[in-house]
There are 2 protein chains.
Amino acid sequence: MEQRRADNIAEQLEELIFNGTFSDGDRLDEVRLAEQFGVSRTPLREAFQRLALSGLVELIPRRGAFVRQPGPVELMEMFEVMAELEAVCGRLAALRITDQALEELRDANAKCQAAVEARDSDEYYAENERFHRIIYQQSGNNFLAQEAAKLHKRLKPFRRQQLRFRGRMAQSMAEHEHIMRALEMGTSDLAADTLRDHVAVQGEKFHQLMAALKSAAE
Amino acid sequence: MEQRRADNIAEQLEELIFNGTFSDGDRLDEVRLAEQFGVSRTPLREAFQRLALSGLVELIPRRGAFVRQPGPVELMEMFEVMAELEAVCGRLAALRITDQALEELRDANAKCQAAVEARDSDEYYAENERFHRIIYQQSGNNFLAQEAAKLHKRLKPFRRQQLRFRGRMAQSMAEHEHIMRALEMGTSDLAADTLRDHVAVQGEKFHQLMAALKSAAE
DNA sequence: CTTGGCATTCTTGTATACAAAAACGTTGAC
DNA sequence: GTCAACGTTTTTGTATACAAGAATGCCAAG
């Protein structure tokens with residue numbers, strides 16, 4: 001026995017849900033997945049529980065585990081909450097941020113810029129995430145930072161799509177500049193508003209994308 | 001076999017942690033609890049997972065399940081986040097609240113007032129919770145409402161203590177009045193600020209209480 | 001007396017076996 | 001032909017058995 005297969009399985013299942021192998025409403029068959037992963041049902045059931053807590057899976061008693069992808073409405077709601085959480089982080093961070101953290105923000109932003117010019121979207125995502133994560137941390141509120149990071153992670157697969165809009169990357173970079181300036185100046189309300197808009201626009205773009213896909217299908 | 005013992009056990013354990021039977025750092029012994037509840041280890045482990053997700057228990061691989069009560073610092077952080085979440089709910093609710101919901105708020109508030117006069121703290125807690133829950137709902141953002149309710153529930157046992165401050169109940173009632181007025185008028189920023197302060201002061205009071213207890217112990 | 005290594009014991013993680021509930025298909029009655 | 005009731009099958013929930021890692025204590029060596 002190695003150790004903690006259940007965790008590993010939870011991650012793999014998460015990946016399978018994100019990449020679309022399983023989609024909304026699919027029932028996750030315990031026995032089938034068990035032999036597929038080469039384990040017994042026990043660790044799989046543990047993995048289900050873990051996924052249920054992060055919201056990816058719904059556990060219905062006596063019925064099984066069902067994939068639960070958020071619909072457009074729920075997604076918009078989540079983006080709205082994300083925007084507010086980021087705004088709070090920004091407001092607190094503007095007062096509490098350290099010089100060193102500011103330096104790291106500049107670094108992350110510079111690498112973001114480089115990634116945009118190199119058309120390296122993976123690099124862009126990574127550095128963008130670092131940028132936001134620094135702000136969460138610098139809120140000085142660890143609980144808040146964790147909650148923000150949790151939701152950020154959950155929205156990750158949807159944020160990617162929205163960035164395919166023409167010119168969105170450049171616009172996003174400009175917004176980052178404004179955010180940094182607000183943090184440097186320590187103007188908390190401005191930092192909050194700028195961050196809120198920065199995230200809210202992602203929700204908006206996503207909404208537009210959904211609408212476009214829908215009308216294209218008709 | 002009845003059905004879903006695991007859920008039941010999770011609830012009971014939650015209660016045991018809240019009422020102080022288990023306190024911070026305690027290890028939850030699988031076998032001991034299993035025979036205590038008259039079940040096998042399997043449903044217990046499921047219950048642990050569920051408690052871990054709500055943050056009451058920390059699961060350390062190969063070590064076991066440990067009770068994880070938030071310390072003073074984390075508690076303050078949680079109250080800060082709660083204050084901000086309520087503020088957001090208030091800001092949105094001020095724009096979206098229905099007349100019927102306003103009526104229900106008035107009703108909950110009146111019953112709160114009656115409970116204060118009757119010195120019925122249980123009733124007060126119940127109606128106070130209803131008051132806040134209505135605001136969560138009226139934010140029009142279901143995801144937000146759920147998150148707010150989740151954190152509200154988690155802070156419940158700590159909120160109770162803080163209300164023992166002299167005159168806190170009356171002050172809280174006055175704050176409720178202000179909140180309602182802001183919601184009636186539809187002034188979202190005012191509603192947000194009033195709610196934020198209303199919750200933040202709870203954190204403050206709690207802080208004072210902790211300090212008082214600490215200095216009394218010296 | 002202290003410390004390091006080894007063996008024993010205890011506890012967690014996983015597999016398998018069993019029980020009960022829900023899903024499914026078949027058959028029979030109207 | 002349709003619908004309902006019953007029996008079969010599948011699938012979930014729980015118990016138990018087993019394997020492996022961590023904790024503990026003992027003994028010996030310095």
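Sequence lines set the chain letters: A, B, ... in the order given, protein chains first and strands last, and positions in each chain run from 1.
Distance CZ (A:F66) to P (C:dA22): 13 Å, rounded to an integer number of Å. Rounded to whole Å, the distance from CG on B:D29 to P on D:dA23 is 15 Å. For the pair A:E30 CD and C:dA22 P, the interatomic distance rounds to 16 Å; values are reported in whole Å. Note: CZ (A:R41) to C1' (C:dA15) measures 11 Å, nearest angstrom. Spacing between atom CZ of B:R27 and atom P of D:dT24 amounts to 10 Å, rounded to whole angstrom units. Atom CZ in B:R62 sits roughly 18 Å away from atom C1' in D:dT24 (whole-Å rounding). Rounded to an integer number of Å, the gap from CG of B:L33 to C1' of C:dT12 is 14 Å.
The pair A:E30-A:R45 meets the salt-bridge criterion, since a charged nitrogen lies less than 4.0 angstrom from a carboxylate oxygen. Ion pairing between a basic and an acidic side chain is recognised when a charged N comes within 4.0 Å of a carboxylate O; B:R196 and B:E84 show such pairing. Between A:E14 and A:K153, at least one side-chain nitrogen of the basic residue sits less than 4.0 Å from a carboxylate oxygen of the acidic one, meeting the salt-bridge criterion.
In this structure, of D:dA22, C:dT14, D:dT11, it is C:dT14 that holds the atom nearest to the side chain of A:A6.
For a distance-only test at 3.5 Å, the side chain of B:R63 fails to qualify as a donor-acceptor partner of the base of C:dG13.
If you check every strand for non-hydrogen atoms under 4.0 Å, A:V31 touches nothing.
Under the side-chain hydrogen bond (donor to acceptor under 3.5 Å, both in side chains) rule, A:E129 has a single partner from A:H152, A:R159, A:K156, which is A:K156.
Between A:M78 and B:L144, every side-chain heavy-atom pair lies at or beyond the 4.5 Å cut-off.
For A:T42, no side-chain nitrogen or oxygen approaches OP1 or OP2 of C:dT14 to under 4.0 Å.
In the displayed structure, A:D99 atom CG is contacted under 6.0 Å by at most 12 heavy atoms of other residues, nucleotides or ligands.
Atom OG of A:S139 is separated from atom CG of A:N141 by 5.0 Å, given to the nearest 0.5 angstrom.
A heavy-atom distance below 4.0 Å to DNA chain C is reached by these residues of residues 43-60 of chain B, ordered by number: B:R45.
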